[in-house]
Amino acid sequence: MDGPVIISRWEQLLNICLIFGNLQVIEKNKDDFMVVVTKDDLIKKLRDIRNLGWIENLRVGNAGSIGNMLEDLLGIKENNLAIANAGEWELKTKRKNSSSLTTLLHNEPSPRKAGIVANLLLPFYGWQHQEAGHKYPNSELSFRQTICCKRFSDRGFTVELDRENEKIIIRFDASKIDPKHNDWLKKVDQRIGLGNLNPEPYWGFRDLSAHIGSKLTNCFFILVDVKKENGKEYLQYNDIKMLSNFSMNKFIDTFEDNLIYIDFDARTGHNHGTKFRIRETNLPLLYDNVTQI
């Protein structure tokens, strides 16, 4: 296997200038420059990188190493790529076959004024925090649930998709609780009873569409193959897609297919926020336009 050639940043810049005929460089100082390319030029360069095959990862140990390595191959400083005349675009790199979740947005359920998590879910449906009596007081409660459509958690929570009223609703059904949580179930009964949540937490489709649409920009989405040989990690940037135009309809379909999760993460002392999450490799499912490069 041919090993990578390590060159200076300015040699990298010269390299990319030779490849991109109409590349612009906005120089701030010797170590800080912005590279501006057209979308067509970036597509050409990404194809060139794909055709290199397996490349040694020189950024091992860095959580974002595959993205940093791609930026190195493009000859640009981290996050210093601008795509001219292409609207809002960015590079996203993910390891192929990754099972990790990415957060689409943080958004608390309605009715907002009710403070659903802090005033309903945590005090009435919470359970003792695993660090209660140690890191936190004995009274510290936790409400951590990752839930999705058509499936109940072991504590009886699920998500219902109401297309007619354009809502995503959190439901509670005491009959779905795993018997291992019977002691907790008794406490819930004593605190508030075992009926439906009141008020019912929900998100409106339109509100979600506005929030998620502003977060999910058009992007070059690159799934990266990874292998290890002789103690070294090698990368192959061979699955490159252009994703554009977030689709709320596709978001709802993906949600209904159990591929989007709602993640509650609160304790008595702090609410870490309610998140909508998806497996990184499923991001293309949320866009109208998906073009293989």
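All residue numbers refer to positions in the sequence shown, counting from 1. None of these values were measured; they are calculated from a predicted model.
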List the steps and the verdict of side chain to side chain contact (heavy atoms under 4.5 Å, CB included) for Thr274 and His106. CA-CA 6 Å; Thr274 306; His106 291 72; over 6 Å; no

Decide yes or no on side chain to side chain contact (heavy atoms under 4.5 Å, CB included) for Asp225 and Trp54, but give the supporting numbers first. CA-CA 9 Å; Asp225 279 314; Trp54 291 101; 3.7 Å; yes

Can the ring centres of Tyr125 and Phe172 be said to be less than 6.0 Å apart? yes

Ion pair present between Arg163 and Glu256, side-chain N to carboxylate O less than 4.0 angstrom? yes

Should we say atom CZ of Arg191 is surrounded by more than 12 heavy atoms from elsewhere, each under 6.0 Å from it? yes

List the atom of Leu120, the atom of Pro123, and the distance in Å for their closest heavy-atom pair. O-CD, 3.6 Å

What about Ile55 and Val60, same hydrophobic cluster or not, with Ile/Leu/Val/Met/Phe/Trp/Tyr joined at side-chain heavy-atom distances under 4.5 Å? no

For the residue pair Leu122 and Leu141, what are the closest heavy atoms and their distance? O-CD1, 3.6 Å

Test side chain to side chain contact (heavy atoms under 4.5 Å, CB included) applied to His181 and Trp127, step by step: CA-CA 10 Å; His181 295 309; Trp127 48 91; over 6 Å; no

Between Ile169 and Phe276, is there shared hydrophobic-cluster membership here, with clusters defined by ILVMFWY side-chain heavy atoms closer than 4.5 Å? no

A side-chain contact here means heavy atoms from C-beta on lying under 4.5 Å apart; do Asn198 and Ile192 qualify? no

Just wondering, more than 12 heavy atoms not from Lys96 lying within 6.0 Å of its NZ? yes

CZ-NE2 distance between Arg267 and His272, expressed to the nearest 0.5 angstrom: 5.0 Å

If you round to the nearest 0.5 Å, how far is CD1 of Ile212 from CG of Leu286? 8.0 Å

Side chain proximity check, Ile177 to Phe152, heavy atoms < 4.5 angstrom: no

Heavy atoms, side chains only, cut-off 4.5 Å: are Leu74 and Leu91 in contact? yes

Enclosure of Asn97 CG (heavy-atom neighbours >12, cutoff 6.0 Å): no

So do the side chains of Leu243 and Asn218 get within less than 4.5 Å of each other, counting heavy atoms only? no

Taking the side chain as every heavy atom from C-beta outward, state whether Phe221 and Pro284 have any pair of such atoms under 4.5 Å apart. yes

Side chains of Asn165 and Asp162, donor plus acceptor under 3.5 Å: yes

Whether the side chain of Asn282 engages the backbone of Ile278 through a donor-acceptor N/O pair (distance < 3.5 Å, no angle test) should be reported. no

What pair of heavy atoms forms the shortest contact from Pro199 to Ile116, and how long is it? CG-CD1, 3.7 Å

Taken to the nearest 0.5 Å, the spacing of Cys149 SG from Glu160 CD works out to 8.5 Å

Salt bridge check: are Glu56 and Lys228 linked by an N-O gap of less than 4.0 Å? no

Would you say Tyr202 ends up clustered with Phe157 if hydrophobic residues are merged whenever their side chains have heavy atoms under 4.5 Å apart, either directly or through other cluster members? no

Interatomic spacing from CG in Asp178 to CG in Leu185 - rounded to 0.5 Å: 11.0 Å

Would Asp239 and Lys241 satisfy salt bridge (Lys or Arg N to Asp or Glu O under 4.0 Å), going step by step from the backbone distance to the final call? CA-CA 7 Å; Asp239 187 347; Lys241 296 181 177 73; 2.9 Å; yes

Is it true that a side-chain atom of Thr103 and a backbone atom of Leu105 form a donor plus acceptor pair closer than 3.5 Å? no

Would you please test Lys113 and Glu108 for salt bridge (Lys or Arg N to Asp or Glu O under 4.0 Å) and show each step? CA-CA 10 Å; Lys113 290 184 178 180; Glu108 295 304 312; over 6 Å; no

Output yes when a side-chain donor or acceptor of Glu233 lies under 3.5 Å from a complementary backbone atom of Lys227, and no otherwise. no

Is a side-chain donor or acceptor of Tyr261 paired with a backbone partner of Leu101 at a separation under 3.5 angstrom? no

Please determine whether a side-chain nitrogen of the Lys or Arg among Asp207 and Arg112 lies less than 4.0 Å from a carboxylate oxygen of the Asp or Glu. yes

Residue pair Lys45 / Leu73: nearest heavy atoms and the distance that separates them: CE-O, 3.5 Å

Under 3.5 Å, is there a donor-acceptor pair linking the side chains of Ser100 and Glu280? yes

Do Lys44 and Asp40 meet the salt-bridge criterion of a basic N to acidic O distance under 4.0 Å? no

State, yes or no, whether a side-chain contact exists between Ile168 and Phe205 at a heavy-atom distance under 4.5 Å. yes

Spacing of CD1 belonging to Ile262 relative to CD1 belonging to Ile147, to within rounding of 0.5 Å: 5.5 Å

Under 3.5 Å, is there a donor-acceptor pair linking the side chains of Thr158 and Arg171? no

Answer with yes or no whether the side chains of Asn249 and Ser247 bring together a donor and an acceptor at under 3.5 Å. no

Which heavy-atom pair separates Leu283 from Leu216 by the least distance, and what is that distance? CD2-CD2, 4.2 Å

Considering all heavy atoms, the nearest Ala132-Glu140 contact: CB-O, 3.9 Å

Evaluation steps, salt bridge (Lys or Arg N to Asp or Glu O under 4.0 Å), between Lys180 and Asp154: CA-CA 9 Å; Lys180 69 182 179 181; Asp154 62 359; 3.6 Å; yes

Checking Arg50 side chain against Ile293 main chain: does a donor-acceptor pair fall under 3.5 Å? yes

From CA spacing to verdict: side chain to side chain contact (heavy atoms under 4.5 Å, CB included), Phe251, Leu285: CA-CA 8 Å; Phe251 174 89; Leu285 298 175; over 6 Å; no

Do Phe143 and Phe124 have their ring centres less than 6.0 Å from each other? no

Taking the side chain as everything from C-beta on, heavy atoms only, tell me whether Leu70 gets closer than 4.5 Å to Ile222. yes

How many angstroms lie between atom CG of Asn245 and atom OH of Tyr287, to the nearest 0.5 angstrom? 9.5 Å

With a 4.5 Å limit on heavy-atom distance, are the side chains of Tyr234 and Glu229 in contact? yes

